[in-house]
K.L.:
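Before I ask anything, let me first share the structure, which is written out below as structure tokens.
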Amino acid sequence: MFKKILIANRGEIAIRIIKACRELGIKSAAIYSDADLTSLHTRMADEAFHIGASAASESYLNKNKIIEIAKSISADAIHPGYGFFSENASFIEEVEKSGITFIGPSSKSVKMMGSKTAARTLMNKNGVPVVPGTLEAIKNVEIGIEFSEKIGFPILLKASAGGGGKGMRKVYSKEEFKTAFESTKREALKSFANDEVYIEKFIENPKHIEVQVIADKHGNYRHVFERECSIQRRHQKIIEEAPSSFVDQLTRDKITTAAIQAAKSCNYFNAGTIEFLMDSNKEFYFLEMNTRIQVEHPVTELISGIDLVREQIAIAAGNKISFEQNDININGFALECRIYAEDPDNNFLPSTGKILHYKEPNGIGVRVDSGFAADSEISIHYDPMIAKLICWDRDRNKAINRMKRALNEFQIAGITTNVKFLTYILNTSEFTNGDYDINFIDNLNYTESILETPSDNKEEHEIAASVLAALIKTKQKSTTKKNASVKDNSWWEQNYEWIYCQNKRKVKTS
Ligand code: MV4
């Protein structure tokens, strides 16, 4: 097993990896940018090394510096987390060349899955259903129109080097085709330095279902069931669930078999995810393969009992997968809410600044994977995700109720978050019934928060929040006392107005 792992990431996933290292008796080494000098991941790791300025290009995306540090501290392996270099084939090649183990797949697998046309061709050859369309890039407008008419409009033009929603355009008719084709090519060239574009039939109102797979370097393949990830906005997932309430056992057998076949077809090792679109008839189509650990991996961990990050590390070290397929079962139900520093009342504008007060929910079936604490700074440089709240219970309905309770307990002040928005979604009948697809948030009529905030003055919010934090710290006063104007039982409503009164009094007398 490895002695020391360099974690080439930050925030909650760096901390998640540190926890796995500690349980395995492996030393963890963090890298940190200027902005992360006092961040949790920097503090929690056994060792921490400054990498550069706050901008990602100067720090977490500084390939040479990362490998240089890994060598100089004699790290045996690098864990990339998600984002940053996790799916960068040239980074993986460099790591492979340096003699350090990359905790992830081979650069070859990543390259293969990075080309959407290559991936489609490979999947098609191996019996994995792909969306009807072309397996190769479209050579010219005439061929494109002829093919589109054959499968029927609307179609999607997709950049071969794209993915995650980048480089996609819907085309409704042959009249639009030429302009759309040319601009998709132009944009693809600019974004990915590759202008190959192919055609897929547009699937109407599908669900996004993905299958977790694990493979080792000895040719063993396992699946860890599916996740439902349709609740998203602009390709940013917000709520994920496992298992999917839409997927019956027969469909599950089919889609997990297809996922394992997909992983085999590119000689994959590491944890990975096969993304599918599923239509209302439960027909599913391969979309992309994610060759990394994903943000939403905890829901799978909670229903299966498998520690996916531990498996990743062990597999990279050359171990076999620690379980047989028949050893694991779906136990209960889990969902994850992503807590973002953004303002749903203001077009989801990112909210930056200092977290003045922070308290996580806890209790049975509640897991919080977070990168922040009180006094943490949410900067413009990185992802606005503050924390992931993951709840488990024996069935979906119970888990949703537990999630609502936990969201209500989550105390974050100083910045705006989407916590109320998440609660709003959980209360919709569509969500409760599992009756939604990838267009759910776009079609949602969320205009204003149900509850009024006591004041729109940011400065007053901040003062009140800091007074609240101070009061909680010194336990000077019970802050859970209800007053007449309380509209619900959220901590904000219970505490904020009370503290705000206190604060006003304080300001007056001082
Ligand atoms: C599609 C599609 C409908 N039909 N392909 C978006 C991300 C990228 N992975 C593929 N995407 C889509 N491909 C066909 N043929 C709809 C989407 C899509 C989507 C897919 C999954 C999750 C969220 C989405 C949001 C908008 C569009």
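Just follow the structure's listing: the first ligand is 1, and inside any ligand the first atom is 1. Bear in mind the structure is a predicted one, so any value in this text is a computation, not a measurement. When reading the values below, keep in mind they use all heavy atoms of this one structure, side chains included, and skip hydrogens, waters and symmetry mates.
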K.L.:
If you measure from the Lys or Arg side-chain nitrogens to the Asp or Glu carboxylate oxygens, is any gap between Lys178 and Glu182 under 4.0 Å?
P.N.:
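Judged by the 4.0 Å cut-off on N to carboxylate O distance, Lys178 and Glu182 do form a salt bridge.
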
K.L.:
So for ligand 1, is Glu288 a polar contact partner (N or O within less than 3.5 Å, distance only)?
P.N.:
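For ligand 1, there is an N or O atom that lies under 3.5 Å from one belonging to Glu288.
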
K.L.:
Quick one: look up the protein heavy atom nearest atom 25 (C) of ligand 1 and list residue, atom name and how far away it is.
P.N.:
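Atom 25 (C) of ligand 1 sits closest to the protein heavy atom Gln232 NE2, 3.4 Å.
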
K.L.:
Between Lys116, Arg233, Met168, which one has a non-hydrogen atom sitting closest to atom 12 (C) of ligand 1?
P.N.:
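Answer by nearest heavy atom: Met168.
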
K.L.:
Is there a side-chain contact between Glu241 and Arg396, using heavy atoms and a 4.5 Å cut-off?
P.N.:
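With C-beta onward as the side chain, the pair touches.
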
K.L.:
Report, in ascending order of atom number, the atoms of ligand 1 lying under 4.0 Å from any heavy atom of Val131.
P.N.:
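Listed by number with element: 15 (N).
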
K.L.:
For atom 7 (C) of ligand 1, what is the nearest protein heavy atom, given as residue, atom name and distance?
P.N.:
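Nearest neighbour among protein heavy atoms for atom 7 (C) of ligand 1, to 0.1 Å: Gly165 N, 3.3 Å.
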
K.L.:
Could you work out, for atom 22 (C) of ligand 1, the closest of Lys237, Glu210, His208, Glu204 by heavy-atom distance?
P.N.:
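Of the listed residues, His208 has the closest heavy atom.
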
K.L.:
Under a 3.5 Å cutoff, is there a donor and acceptor pairing between the side chains of Thr256 and Glu226?
P.N.:
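Per modelled atom types, Thr256 and Glu226 side chains form no pair under 3.5 Å.
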
K.L.:
Ion pair present between Glu296 and Arg338, side-chain N to carboxylate O less than 4.0 angstrom?
P.N.:
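Answer for the salt bridge query: yes.
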
K.L.:
Would you please indicate yes or no on a ring centroid separation below 6.0 angstrom for Tyr358 and Phe372?
P.N.:
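No, the ring centres sit 6.0 Å or more apart.
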
K.L.:
Distance under 4.0 Å to a non-hydrogen atom of Glu275: what atoms of ligand 1 satisfy this?
P.N.:
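Answer, ordered by atom number: 9 (N).
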
K.L.:
At under 4.0 Å between heavy atoms, is it the side chain or the backbone of Leu287 that contacts ligand 1, or both, or neither?
P.N.:
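Side chain only.
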
K.L.:
Leu277 heavy atoms, cut-off 4.0 Å: which ligand 1 atoms fall inside?
P.N.:
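Close to Leu277: 1 (C), 2 (C), 3 (C), 4 (N), 5 (N), 14 (C), 20 (C).
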
K.L.:
Evaluate whether atom NZ of Lys282 has more than 12 neighbouring non-hydrogen atoms of other residues, nucleotides or ligands under 6.0 angstrom away.
P.N.:
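Enclosed: over 12 neighbouring heavy atoms sit under 6.0 Å from NZ of Lys282.
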
K.L.:
I'd like to know if Arg120 pairs up with Glu200 as an ion pair, taking the criterion as any Lys NZ or Arg NE/NH1/NH2 lying under 4.0 Å from an Asp or Glu carboxylate oxygen.
P.N.:
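Yes, charged N to carboxylate O under 4.0 Å.
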
K.L.:
Decide whether the shortest distance between a heavy atom of Lys158 and an atom of ligand 1 is less than 4.0 Å.
P.N.:
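Lys158: in contact with ligand 1 (<4.0 Å).
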
K.L.:
Starting from atom 24 (C) of ligand 1, find the nearest protein heavy-atom neighbour and note its residue, name and distance.
P.N.:
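The closest heavy atom on the protein side is Ile438 CD1, 3.6 Å.
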
K.L.:
When you compare the side chain of Leu335 with that of Phe431, does any pair of heavy atoms fall below 4.5 Å?
P.N.:
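Touching, per the 4.5 Å side-chain cut-off.
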
K.L.:
If only side-chain N and O atoms count, and only distance matters, is there a donor-acceptor pair under 3.5 Å linking Glu58 with Asn62?
P.N.:
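Not at all, the side chains of Asn62 and Glu58 share no donor-acceptor pair under 3.5 Å.
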
K.L.:
Could you identify the single nearest non-hydrogen protein atom to atom 14 (C) of ligand 1 and state the distance to 0.1 Å?
P.N.:
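Looking only at protein heavy atoms, the one closest to atom 14 (C) of ligand 1 is Leu156 CD1, 3.3 Å.
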
K.L.:
I want to know if ligand 1 touches His235 in the polar sense, i.e. an N/O pair below 3.5 angstrom.
P.N.:
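There is no such contact.
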
K.L.:
So, Glu87 and Arg292, do they make that salt bridge, N to O below 4.0 Å?
P.N.:
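Salt bridge present between Glu87 and Arg292.
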
K.L.:
Is there a nitrogen or oxygen of Ile203 sitting under 3.5 Å from a nitrogen or oxygen of ligand 1?
P.N.:
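Ile203 vs ligand 1: N/O contact under 3.5 Å present.
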
K.L.:
Just which atoms of ligand 1 are under 4.0 Å from any heavy atom in Lys201?
P.N.:
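Listed by number with element, the hits are 4 (N), 14 (C), 15 (N).
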
